[in-house]
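Residue numbers begin at 1 in each chain, while the letters A, B, ... track the order of the sequences.
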Amino acid sequence: MLDVAFVRENLDAVRANNKNRNVTADIERIVQIDDRRREIISRKQVLEQKRNESSKLVGGEKDPAKKQALIAQGKEWREQIVKMDADLDQVEADLKAILMTIPNMTHPNAPVGTLAEDNKVIKAWGEKPKFDFKPKDHLAVAEALDLIDMEAGAKVAGQKFYFLKKEAVLLELALIQYSFDTLLRHGYSPIITPDVARVDVLEGIGFMPRGEGTQIYSLANTDLCLIATAEITLGGMHRDQIMEEAKLPIKYVGLSHCFRTEAGAPGRDTRGIYRVHQFTKVEMFVYCTIEESEKLHQEILGIEEEIFQGLGLPYHVIDTCTGDLGGPAYRKYDLEAWMPGRGDAGEYGEVTSTSNCTDFQARRLNIRYKSPKFKGTRFVHTLNGTAVAVSRALVAILENYQQADGSVIVPEKLRTWMRGQERIGPRK
RNA sequence: GGAGAGGUGGCAGAGUGGCCGAAUGCGUCGGUCUCGAAAACCGAUAGGGGUGCAAGCUCCUCGAGGGUUCAAAUCCCUCCCUCUCCGCCA
C-alpha cells in the first residue's frame, strides 16, 4: 500500500506508474476522499475536546442542577461524535479500498512494458547441455526412474498433486540442505515457518486470498489460509513492531510448503511438476533500512545465482517489466533455468524470483524502525527471494542431467546430502 | 478439548469509573561529580493522527473489536493470545 500523502503529492507520477503497470485505479478520488477524511477528523476533534473538558467538570460539580446540565450537554456531544465516527469509518474504508488497488512505485531502471517480450534478459550463465539423443522432459525422466508418481497424487489429493519417491525425496532434502548451507554462510538466520497464515497477514504481504480466482487455499471455518510462499509468514513475523536501526538488516532463510490453487492457469504447464498445487520452498526474506534495500536486492540475486551455479544449471536473469511486477514489487528479478525437455527444443523456465518491495508491505503490516538519526519512525523495506523452489529445481536437474541410458547424474554439490550418490539409475 | 489465571510503556510491575498516557523499579540517553571510570545525584525516555511556517495546541491508542457511561486501562460482550492443571496425541 502506498502512503496517501505520497499519492496526493505525486498524482502525476502515480498515474503514470499505474499506466506502466497496466493497472487502472481511481486516484483522483483519493484526494477528494482524503480531504473529506481530514475534515471529519478536525471537526470530530473539536467535539471530543469539548466533551473531555466538560467530563472533567462533572465530577467536581456540587450543584445538582448544573451537574445535570453538564451531563445532558455531554450526552449531546457524544451522539454527534458517534455519527461522525460512522462517517469516518466509511470514508476510511473507501480510501483503503482504492489504495489497495494501487501497486507500488517502480524502480526507474525497470523495463517499461506489459508484454512478456518486454522483460529484459540482463545476464546469462552456463552452457546448455548437448545431447546426442532427444532429451526427455522431466516427467518422462522421472517416471522411467520411478521418482515421481502423479497418478497416486491425483488419486489421493487431486490433479497437480504428486508423490516424490526414492532419490527424488533425497534430492528434495539435499536441495534444502544445500540451500540452507549456502544461506547460512551468507549470515542468514534459519527459520521454519507455519504453512498457514491469517487472512490479514496474506493481505499485508499483498496477496488477495478472497474473491474469484484467488491463488490461495482457505481453510474452512477459520480465518486461515495455506501459504503460497514463506514470504507471507516471514513477512508477517514482525508485524506491528518497531525495530532498532542498529539491528537491521534482519535476514532470514525460511523453509515452508507452498500451496497454490493455480486458478487462472488452466491448461498451462499441465505436465509434470513444473506447476503444482503444493511444493517445498526455501525462501530468503530481509527487513532493512530504506538506504540498504537496493544493495540487498543485488545480494539476494547474487545468492540465487550462486545456488544455481553451484548446481551447474544454466540460467539467465530477467529484469521484470513493469506490467509483470505484481502489486508489491518495486523491482523484480527472475532466474530462469534452462529446461531442455520443455517445448520442442528446450525453453527457459522460471526457477526463482526476487523482489524489492520497499515499504509497500511494511506499511500494511506496520513494521517500522527508529534511529537516533531521525525523528519518529520509518517503515522498513522488505525483500524476498527464492533460494530453491524444490519442484522447479527438480525439473531443471532431471532435464539437464539426464543421460542417454535414462539415468540422471546427481549435481556434485548435492552428493554430500545424498550419501555420496553420483548417479540415479539406470533402472534395470 | 475441559477447569482456572492472565494480557498495561524497551523490560518488570502497580493501577477496579473521573485528578491515569499511566506510580514504582530496572534498562537506555543526557548532565553533575571524577584525571578517567564506577557509585551517587539531577533530568529525559511510547507510537500514530489532525492543525500550524514554527513554537505549540489537540485527538486517538493500556491484546483486538463492539457495548454501557457525561466520563473506561478500570464495568459488560465477542474474538485473539499467554500461563497452570487435567485429558488426548506426533
Side-chain angles (χ1 to χ4, degrees), chain A residues 1-9 30-96 99 192-204 209 218-225 232-233 236-248 250 255 257 287 289 359 361-380:
Chain A
M1 190 168 67
L2 294 181
D3 181 15
V4 194
F6 174 86
V7 176
R8 292 184 69 117
E9 285 160 23
I30 285 185
V31 178
Q32 295 169 23
I33 295 176
D34 191 48
D35 283 343
R36 172 111 177 95
R37 182 185 134 257
R38 292 187 187 189
E39 184 205 328
I40 295 171
I41 288 172
S42 292
R43 286 198 291 130
K44 187 175 139 202
Q45 279 184 7
V46 172
L47 283 172
E48 282 173 332
Q49 189 179 348
K50 286 188 194 167
R51 180 207 55 195
N52 290 347
E53 281 165 3
S54 96
S55 286
K56 276 180 196 148
L57 295 176
V58 173
E61 182 55 64
K62 293 289 180 277
D63 182 334
K66 285 185 184 165
K67 191 164 187 164
Q68 278 314 309
L70 280 173
I71 289 173
Q73 177 65 77
K75 202 174 277 200
E76 201 175 300
W77 280 328
R78 185 184 65 202
E79 280 159 14
Q80 292 182 40
I81 290 167
V82 166
K83 261 185 224 150
M84 286 190 189
D85 272 334
D87 289 348
L88 190 58
D89 285 349
Q90 183 59 53
V91 165
E92 285 182 338
D94 291 348
L95 190 60
K96 191 185 167 200
L99 281 172
I192 293 179
T193 90
D195 286 341
V196 299
R198 292 183 202 290
V199 166
D200 49 333
V201 174
L202 282 274
E203 285 174 346
S218 292
L219 299 182
N221 307 319
T222 71
D223 65 344
L224 293 172
C225 305
I232 292 164
T233 39
M237 236 178 130
H238 291 291
R239 73 164 165 150
D240 296 319
Q241 283 189 7
I242 299 172
M243 299 162 164
E244 306 270 352
E245 183 182 25
K247 300 210 172 125
L248 296 174
I250 295 173
L255 173 68
H257 293 109
Y287 299 84
T289 61
D359 61 0
Q361 296 174 325
R363 182 168 292 106
R364 279 198 229 174
L365 292 168
N366 190 29
I367 306 170
R368 294 171 289 164
Y369 68 104
K370 58 180 174 184
S371 160
K373 288 186 236 160
F374 53 82
K375 260 182 69 177
T377 57
R378 292 178 182 167
F379 289 108
V380 299

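- OP1 and OP2 of A71(B) both lie 4.0 Å or more from every side-chain N or O belonging to N52(A).
- OP1 or OP2 of C70(B) has at least one side-chain nitrogen or oxygen of K75(A) nearer than 4.0 Å.
- For R363(A) (side chain) and M1(A) (main-chain N/O), a donor-acceptor pair under 3.5 Å exists by modelled atom type.
- Backbone-only engagement by R198(A) is indicated by non-hydrogen atom pairs under 4.0 Å involving sugar-phosphate atoms exclusively.
- The same atom, P, is picked in G50(B) and in U34(B); the two are 49 Å apart, to the nearest Å.
- C77(B) and C59(B): their P atoms are spaced 31 Å apart (whole Å).
- The side chain of R38(A) sits closest to U51(B) out of C70(B), U51(B), G49(B).
- Among the nucleotides U51(B), C60(B), G18(B), the one closest to the side chain of V58(A) is G18(B).
- When the P atom is compared between A64(B) and G10(B), the two are found 14 Å apart, to the nearest whole Å.
- Comparing G48(B), C60(B), U51(B) by their closest approach to the side chain of T377(A) singles out G48(B).
- With both pairing distances under 3.5 Å, G25(B) is matched to C11(B) as a Watson-Crick or G-U wobble pair.
- Taking the nucleotide of RNA chain B with the nearest heavy atom to each of I41(A) and K67(A), the more 5' of the two is matched to K67(A).
- A40(B): Watson-Crick or G-U partner is U32(B), with both key distances under 3.5 Å.
- Remark: C57(B) base-pairs with G50(B). Criterion, Watson-Crick or G-U wobble with two distances under 3.5 Å.
- Of the candidate nucleotides C60(B), C70(B), G48(B), C70(B) has the atom nearest to the side chain of I71(A).
- Here the P atom of nucleotide C59(B) and the CZ atom of R37(A) are 18 Å apart, to the nearest Å.
- With rounding to the nearest 0.5 Å, the separation of NZ in K83(A) from CD1 in I40(A) is 13.5 Å.
- In this structure, C85(B) forms a base pair with G2(B), meeting either the Watson-Crick or the G-U wobble geometry with both donor-acceptor distances under 3.5 Å.
- Residues H238(A) and I367(A) approach most closely at O-CG1, 3.4 Å, considering heavy atoms.
- The Q49(A) side chain lies nearest to C59(B) when the options are C81(B), C70(B), C59(B).
- The minimum heavy-atom distance linking S371(A) with E245(A) is given by the pair OG-OE1, 2.5 Å.
- U45(B) and C86(B) have their P atoms separated by 48 Å, with the value rounded to a whole Å.
- Shown here, U69(B) forms no base pair; nothing in the strands shown gives a Watson-Crick or G-U wobble contact with both key distances under 3.5 Å.
- Counted within 6.0 Å of CD1 on I192(A), heavy atoms from surrounding residues, nucleotides or ligands total 12 or fewer; the atom is thus considered open.
- With hydrogens and angles ignored, no donor-acceptor pair closer than 3.5 Å exists between the side chain of E244(A) and the base of G10(B).
- Nucleotides A14(B) and G7(B) have their C1' atoms positioned 15 Å apart, rounded to a whole Å.
- Look at R368(A) and you'll find a side-chain N or O under 4.0 angstrom from OP1 or OP2 of G48(B).
- One P atom belongs to A37(B), the other to A44(B), and the distance between them is 23 Å to the nearest Å.
- Comparing C59(B), G50(B), G47(B) against the side chain of I242(A) picks out G47(B) as the nearest.
- To the nearest whole angstrom, the two P atoms, one in G49(B) and one in A55(B), are 16 Å apart.
- Atom CG of residue L202(A) and atom OG1 of residue T233(A) lie 9.5 Å apart, to the nearest 0.5 angstrom.
- Base-pair partner of G17(B): not found among the strands shown (Watson-Crick or G-U wobble, both distances under 3.5 Å).
- A donor-acceptor distance shorter than 3.5 angstrom exists from the side chain of R364(A) to the backbone of E203(A), with no hydrogens or angles considered.
- Dashed line: the shortest gap from a side-chain N or O of R51(A) to OP1 or OP2 of C60(B) is under 4.0 Å.
- Rounded to whole Å, the C1' atom of A39(B) lies 13 Å from the corresponding atom of U32(B).
- Of the listed nucleotides (U69(B), C60(B), G48(B)), C60(B) has the atom at the smallest distance from the side chain of E48(A).
- Listed candidates were U51(B), C59(B), G47(B). Nearest to the side chain of Q45(A) is C59(B).
- Set against U51(B), C81(B), G18(B), the side chain of S55(A) has G18(B) as its closest nucleotide.
- Across the interface with RNA chain B, nearest-nucleotide mapping of R78(A) and G376(A) shows G376(A) to be the residue nearer the 5′ end.
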